[in-house]
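Have a look at the structure that comes next, please.
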Amino acid sequence: MTDLASLARLDGVAQAELCARGELSPAESLDACMARIDALNPLLRAVVTVAHEQPGPARPGPFSGVPFLVKDSTPWPGLRWSMGSRLFAANTAQQQTPYGRRLAESGLVCAGKSATAEFGLLFSTETLLEGVTHNPWDLSRSATGSSGGSAVAVAAGLVPLAHANDGGGSLRVPASACGLFGFKPSRGRTVPAGLGGSDFGDMTSDHCISRSVRDSALFLSLTEDRSSGTPVGFVREPLSRPLRIATWTRTMMGTEPEPPVRRAYDEAVALLTGLGHHVEPIVPPDFDSPELGEAFLLVAGAAVAGIVESVDQRRDLPVQRDELEPYSWALVDAFLARGADALPRARATFARAVHAYNEATRGYDVVLTPTLATAPWPLGHLSPVLGREELARRTARAIGYTPLHNIAGCPAMSVPLHFPEDGLPIGTHFAAAPGADALLLGLAYQLEQARPWKDRWPPYSIPALFRDR
């Protein structure tokens with residue numbers, strides 16, 4: 001497998017099997033990954049930092065010798081850690097996180113860092129530090145975000161899987177936009193990745209974006225916190241029983257999805273029904289949507305305000321306005337203007353929303369909705385130079401389903417079930433009760449068998465562009 005495309009078509013488990021059989025050395029695997037990055041990353045801009053130093057011998061483990069990327073919101077020793085911000089453009093991580101140690105122990109080889117929105121705040125991966133990350137299905141469209149770099153790198157075949165995280169849909173949304181599998185674990189399921197310390201950080205789950213369900217399931221088994229609750233382990237088999245599935249299409253803002261999204265949703269309902277599941281439309285949770293959206297922005301602003309305060313305490317010169325993007329400053333300013341009781345009020349709003357969600361979905365195994373209410377937007381539509389109110393309005397129109405599951409701590413996933421001939425992929429969203437990660441993964445395997453997606457490659461990908469080389 002010396003050509004660019006052959007190895008790129010394999011998921012992480014298959015690449016690890018090649019290495020285990022001695023048919024591919026870890027050094028050859030990494031060299032091939034770097035060649036793929038060199039070939040396509042200048043166009044897509046998914047990778048922002050490349051690990052130029054060759055690592056030592058790959059550690060023995062389930063993913064031994066498999067290259068992957070770490071989202072630049074998260075540290076990796078020896079690599080630049082900018083968090084997508086000019087404030088940290090020269091920052092290099094020194095220490096490994098408990099989460100990172102688990103990944104290294106699995107045998108994964110870090111090939112570099114993937115692009116993120118500044119501090120993971122926006123649902124588009126286009127920053128004033130790194131520029132624009134392009135969707136490989138349509139270069140004029142956003143890869144969404146904030147884990148857009150990870151999604152693009154996997155969709156384009158640069159790596160078989162990539163670390164990502166999700167504070168409101170930041171993993172699931174780009175997985176949907178790029179035609180990939182995106183799973184968000186339950187809150188507290190995995191060991192710490194170094195993002196705690198704020199309400200926003202505590203709502204954030206770390207995992208990966210992958211092409212196959214088995215890569216995601218294995219990744220979760222290697223990173224879960226085995227000291228809290230019953231471990232999931234490596235889920236390997238499709239679901240074998242029918243589920244009772246609650247469903248709705250109305251977004252948190254009370255709007256309905258665009259027609260192509262509705263068609264994809266209807267196809268998913270038909271597929272699930274054909275598989276023997278009972279899909280039941282219900283009335284969506286009843287809560288004050290504008291208040292919930294504002295609470296979400298407040299906790300995001302509080303997280304950025306904490307970063308600014310920490311930097312101010314460590315250096316003589318306070319953080320300057322041109323060191324953060326306008327949107328980040330707008331979130332900080334809005335949070336500080338609310339006064340000391342802003343966070344307690346936001347937490348109370350979250351608690352009411354979780355209560356409403358739990359009441360509406362009681363007695364069901366799984367909740368089904370679209371992942372996004374709209375098609376992925378043109379580049380610039382969610383630019384960080386736009387005003388806070390306009391960005392909030394545009395985001396609320398599209399991101400109408402995913403944030404609630406971060407607030408409630410649920411496991412959730414976007415599954416790539418719909419690939420229209422004349423548009424970008426459309427993901428279907430599933431969630432379950434906190435702790436029911438294995439149930440969702442079993443459903444994902446079943447859907448992957450029923451509607452395979454592994455050979456769906458975008459036009460700007462290694463397998464599509466280099467199939468004959």
Side-chain angles (χ1 to χ4, degrees), residues 11 13 172 175-176 180-190 205 207-208 210-226 228-249 264-285 354 357-371 401-402 404-405 408-418 426-454:
D11 70 356
V13 170
R172 291 161 287 159
S176 174
L180 301 168
F181 181 64
F183 183 87
K184 181 195 85 67
S186 296
R187 180 183 296 135
R189 171 64 68 188
T190 61
S205 294
H207 191 51
C208 70
S210 64
R211 183 163 290 276
S212 69
V213 175
R214 67 177 183 175
D215 274 5
S216 184
L218 178 57
F219 197 98
L220 180 63
S221 73
L222 298 168
T223 56
E224 67 177 327
D225 186 351
R226 303 174 191 115
S228 60
T230 304
V232 172
F234 184 13
V235 178
R236 302 169 186 264
E237 300 295 333
L239 196 69
S240 60
R241 67 176 178 88
L243 299 177
R244 191 176 180 210
I245 301 176
T247 185
W248 64 81
T249 57
Y265 164 84
D266 290 340
E267 285 186 12
V269 171
L271 174 63
L272 291 161
T273 302
L275 291 171
H277 302 296
H278 176 68
V279 182
E280 182 177 340
I282 68 168
V283 177
V354 171
Y357 177 80
N358 290 339
E359 288 299 307
T361 60
R362 192 178 306 280
Y364 294 94
D365 300 300
V366 166
V367 173
L368 162 68
T369 65
T371 305
Y401 308 104
T402 55
L404 191 55
H405 304 101
C410 301
M413 63 185 184
S414 182
V415 183
L417 297 180
H418 190 71
I426 298 173
T428 304
H429 192 267
F430 300 86
D437 304 64
L439 177 73
L440 278 190
L441 287 169
L443 176 59
Y445 275 117
Q446 186 184 51
L447 294 169
E448 186 181 37
Q449 279 188 354
R451 191 72 62 82
W453 58 75
K454 70 180 182 68

Completion exercise
Scanning both residues in full, the closest heavy-atom pair of R189 with L220 reads CG-CD1, 3.9 Å
Practice task
Would you name the heavy atoms of S210 and D215 that are closest together and state the gap between them?
Solution key: CB-CB, 3.9 Å
Problem - Closest non-hydrogen atom pair between A246 and I282, with its separation - result: CB-CD1, 3.7 Å
Problem - Flag, side chain of S414 to backbone of G182, donor-acceptor distance under 3.5 Å - result: no
Fill in the blank from the handout: side chain to side chain contact (heavy atoms under 4.5 Å, CB included) with L272: of I245, L417, T428, V366, only one passes, and it is I245
Handout entry: E359 atom CD: more than 12 heavy-atom contacts under 6.0 Å
Key = yes
Exercise for the section: Could you tell me whether the side chain of S186 and the main chain of G435 form a donor-acceptor pair under 3.5 Å? Expected result: yes
Problem - Heavy-atom closest contact (P238 atom, Q449 atom, distance) - result: CG-NE2, 3.4 Å
Problem - Evaluation steps, side-chain contact (heavy atoms from CB on, under 4.5 Å), between V367 and F430 - result: CA-CA 6 Å; V367 173; F430 300 86; over 6 Å; no
Problem - Test item: T361 and W248 side chains (from C-beta on) under 4.5 Å apart, heavy atoms - result: yes
Handout entry: T190 and H207 side chains, donor-acceptor separation under 3.5 Å
Key = no
Problem - Nearest-0.5 Å distance, CE of residue M413 to NE2 of residue H429 - result: 9.0 Å
Completion exercise
Between W453 and A444, the two heavy atoms sitting closest are CH2-O, 4.2 Å
Problem - Side chain proximity check, P434 to C410, heavy atoms < 4.5 angstrom - result: yes
Exercise for the section: Only one of K454, R211, R214 passes side-chain hydrogen bond (donor to acceptor under 3.5 Å, both in side chains) with D11; say which it is. Expected result: R214
Handout entry: Expected output: side-chain S176 to main-chain R172 donor-acceptor under 3.5 Å
Key = no
Exercise for the section: Without swapping roles, check the side chain of E280 against the backbone of R244 for a donor-acceptor pair under 3.5 Å. Expected result: no
Handout entry: Pair F181-E448, side-chain contact (heavy atoms from CB on, under 4.5 Å): steps then yes or no
Key = CA-CA 10 Å; F181 181 64; E448 186 181 37; over 6 Å; no
Practice task
Return yes if some donor-acceptor pair links the side-chain N/O of S216 with the main-chain N/O of V213 below 3.5 Å, else return no.
Solution key: no
Practice task
Measure the shortest side-chain to side-chain distance between T371 and Y401 over non-hydrogen atoms and say whether it is less than 4.5 angstrom.
Solution key: no
Problem - Aromatic centroids of Y357 and H405 separated by under 6.0 Å - result: yes
Exercise for the section: Assess whether side-chain contact (heavy atoms from CB on, under 4.5 Å) is satisfied between R241 and L243, documenting all intermediate values. Expected result: CA-CA 7 Å; R241 67 176 178 88; L243 299 177; 3.6 Å; yes
Handout entry: Candidate pair H418 and Y265, rule side-chain contact (heavy atoms from CB on, under 4.5 Å), full reasoning
Key = CA-CA 9 Å; H418 190 71; Y265 164 84; over 6 Å; no
Problem - Pairwise side-chain contact, H277 with L443, heavy-atom cut-off 4.5 Å (strictly under) - result: yes
Exercise for the section: Taking all heavy atoms of G442 and all of V235, pick out the closest pair and write down the distance. Expected result: N-CG1, 4.2 Å
